[in-house]
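To start, the structure under review is shown below, and the notes come after it.
Numbered from 1 within each chain, the chains take letters A, B, ... in sequence-line order.
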Protein chains: 2
Amino acid sequence: MRSGSGPGAGRPQATSHAAIEAAAFALFDERGFDDTTVDDIATAAGIGRRTLFRYFPSKNDIPWGRFDDSLSGLRATLAAVPDDWPVLDAVHHAVMEFNRLDDTVVEQHRQRMTLLLTTPALQAHSVLRYTEWRHVIAEYAAGRYGLAPDDLLPRTIGHVSLALSLSAYEQWLREPDSRLTDLLSQTAPVLRSYVEGVAAPPRTATGRARRQRGSKGTTVRP
Amino acid sequence: MRSGSGPGAGRPQATSHAAIEAAAFALFDERGFDDTTVDDIATAAGIGRRTLFRYFPSKNDIPWGRFDDSLSGLRATLAAVPDDWPVLDAVHHAVMEFNRLDDTVVEQHRQRMTLLLTTPALQAHSVLRYTEWRHVIAEYAAGRYGLAPDDLLPRTIGHVSLALSLSAYEQWLREPDSRLTDLLSQTAPVLRSYVEGVAAPPRTATGRARRQRGSKGTTVRP
DNA sequence: CTTGTTTATGGCCCCGAGTGCCAATAAGGT
DNA sequence: ACCTTATTGGCACTCGGGGCCATAAACAAG
């Protein structure tokens with residue numbers, strides 16, 4: 001651990017997370033993730049293979065960059081939300097903040113997320129990251145409701161929040177001209193209309209709006 | 001491919017999916033998933049390591065068993081739902097059917113799901129299975145709404161349905177005496193109350209019920 | 001009984017990810 | 001010059017996974 005900016009003693013670091021990440025993304029873009037070996041990345045970054053694994057615990061972690069820091073930001077955003085906001089609004093606000101992008105990095109972020117969401121090995125690995133993310137949401141919800149983070153309600157809120165975010169992200173990647181924040185804002189109403197048993201009016205020209213009558217009665221209604 | 005029950009010619013199979021699965025679970029139970037090598041499983045099943053990989057594409061696939069067949073069942077259940085049911089109810093019904101368990105296998109299923117949901121390597125790998133599952137749900141919803149499966153609404157329904165199921169499963173594993181179907185039925189109302197901005201009354205003794213100001217619209221709880 | 005044909009088996013060898021170990025390196029301080 | 005400290009990176013190893021291919025074990029036809 002480098003202690004802040006203190007130089008201290010010892011051999012200086014030969015590289016950085018950012019440098020490795022840049023070298024890796026160049027190769028991923030050129031040959032794809034699976035056809036790029038860790039040796040390739042290490043060589044491109046001018047370091048030894050063994051050193052690379054001290055910066056990133058696995059090849060799969062490289063595309064995620066410094067995700068831990070983002071999580072701290074998410075936690076901080078939630079903590080700053082006034083207590084009288086509905087939990088749904090608080091979470092939605094935090095998700096929007098979490099995914100706010102500077103215009104200059106939006107294409108870079110799109111490339112990163114494309115990699116993460118289309119490469120099977122990365123899709124799989126990402127779950128571990130999502131779990132931490134969900135836990136932050138669940139902890140906040142638990143605090144607001146006076147429950148434990150692994151009670152059913154907070155846990156469900158974590159899962160559903162992630163579901164909505166992923167849904168928005170996938171849609172964002174599909175539509176080159178869309179804006180991520182727009183899609184994130186859309187998922188909540190979409191969910192609400194679904195839960196209330198009413199078909200959302202399709203935004204595409206081909207869709208026919210069909211109205212549902214709720215009469216099943218065995219389970220859902222209190 | 002064995003063609004139905006026709007014996008035909010050729011060397012008979014030395015084992016079966018079920019036999020490998022049984023041998024594997026015994027070892028997983030004894031030493032844990034990570035400390036069991038593929039060689040161990042093959043030896044225990046009395047086959048060669050190379051043969052094992054012809055029955056299961058990867059070590060991670062062994063705990064999932066024959067999941068494809070279950071997916072066909074899910075598809076069939078959805079297809080059999082009358083068209084005038086609300087989509088939410090149809091999906092909920094299909095999810096319940098999908099997770100219906102014979103009393104004799106409930107403990108076995110619990111063991112399997114514990115393995116799948118607590119082993120990091122399996123948590124990660126399971127995403128690929130979940131994707132197929134979500135796709136079945138999204139396809140159905142798309143058909144009902146007259147949309148494409150990768151439009152925002154069907155995709156979101158797939159994600160949210162999975163989120164609710166996983167939430168129920170995790171809770172089920174935490175509470176030894178709970179019933180999976182009960183929990184699956186609970187997640188939908190939990191989601192509804194959350195979306196409508198009203199705190200669900202905590203069911204645990206320690207929780208203090210905290211009511212949110214419902215600035216967001218209609219209240220449904222008594 | 002012998003000779004094909006068919007199909008599954010499993011050994012051999014390879015690759016890539018990831019880890020433990022440890023000597024070498026490059027700083028700062030005394 | 002010498003010590004302390006921290007990072008580097010090479011070597012060897014394990015494990016998951018896949019390509020290749022000779023071989024075993026069934027059945028059918030001669």
Side-chain angles (χ1 to χ4, degrees), chain A residues 1-21 23-24 27-28 31-64 115 119-128, chain B residues 1-21 23-24 27-28 31-64 115 119-128:
Chain A
M1 305 286 168
R2 50 207 176 257
S3 52
S5 58
R11 178 172 174 167
Q13 306 206 342
T15 182
S16 67
H17 285 92
I20 295 175
E21 207 179 306
L27 290 171
F28 294 158
R31 311 178 217 171
F33 183 82
D34 290 325
D35 288 339
T36 304
T37 70
V38 174
D39 281 281
D40 293 338
I41 302 170
T43 303
I47 58 174
R49 162 200 168 80
R50 196 65 185 77
T51 300
L52 191 150
F53 279 113
R54 286 205 186 86
Y55 283 79
F56 292 94
S58 79
K59 179 187 174 186
N60 289 334
D61 283 298
I62 299 179
W64 275 99
L115 192 64
T119 307
L122 294 176
Q123 285 177 24
H125 180 77
S126 299
V127 182
L128 309 176
Chain B
M1 309 281 169
R2 54 211 166 243
S3 52
S5 59
R11 178 171 174 168
Q13 305 206 343
T15 182
S16 66
H17 286 92
I20 296 174
E21 207 179 306
L27 290 171
F28 294 158
R31 311 178 218 172
F33 183 82
D34 290 326
D35 289 339
T36 304
T37 69
V38 174
D39 281 281
D40 294 336
I41 303 170
T43 304
I47 59 175
R49 161 201 170 79
R50 198 65 187 74
T51 300
L52 191 150
F53 279 113
R54 286 205 187 84
Y55 283 80
F56 293 94
S58 79
K59 179 187 176 188
N60 289 335
D61 283 299
I62 299 178
W64 275 98
L115 192 64
T119 308
L122 294 176
Q123 286 177 22
H125 183 254
S126 299
V127 181
L128 309 176

It should be established whether A/T51 places a side-chain nitrogen or oxygen under 4.0 Å from OP1 or OP2 of nucleotide D/dG9. yes
Is it true that B/T43 and B/D40 share a donor-acceptor pair across their side chains at a distance under 3.5 Å? no
Closest non-hydrogen atoms of A/Y55 and A/Q13, given as atom of the first, atom of the second and distance, are OH-OE1, 3.2 Å
Interatomic distance, A/L122 CG vs C/dA17 P [rounded to whole Å]: 12 Å
By nearest atom, which of the nucleotides C/dG18, C/dT9, D/dT7 is closest to the A/Y55 side chain? D/dT7
CG of B/D34 versus P of C/dA17: gap in Å, rounded? 19 Å
With heavy-atom distances below 4.5 Å as the criterion, would you say the side chains of A/F28 and A/I41 are in contact? yes
On DNA chain D, does the nearest nucleotide to B/F53 precede the nearest nucleotide to A/T15 from the 5' side, or the other way round? Give the residue. A/T15
What is the distance from CG of A/N60 to P of C/dA17, rounded to the nearest Å? 10 Å
So, taking the atom named CD in A/E21 and the one named CG in A/D61, what distance separates them when rounded to the nearest 0.5 Å? 11.0 Å
In whole Å, what is the span from the NZ atom of B/K59 to the P atom of C/dA17? 18 Å
Toward the 5' end of DNA chain D, which comes first, B/R50 or A/R54, by nearest nucleotide? A/R54
Could you give the CZ-to-P distance, from A/R31 to C/dG16, as a whole number of Å? 11 Å
Looking only at the side chain of B/R11 (C-beta and beyond, no hydrogens), which of the listed nucleotides C/dG18, D/dA24, D/dG9 gets closest? D/dA24
I need the NE2-C1' distance between B/H125 and D/dG17, as an integer number of Å. 12 Å
Please check this pair: side chain of A/S58 against backbone of A/N60, looking for a donor-acceptor N/O pair closer than 3.5 Å. yes
Give the nucleotide from the list D/dA25, C/dT9, D/dT7 with an atom nearest to the side chain of B/A14. C/dT9
To the nearest angstrom, the CZ-P distance between B/R49 and C/dG11 comes to 11 Å
Rounded to the nearest Å, what distance is computed from the CD atom of residue A/Q13 to the P atom of nucleotide C/dG28? 14 Å
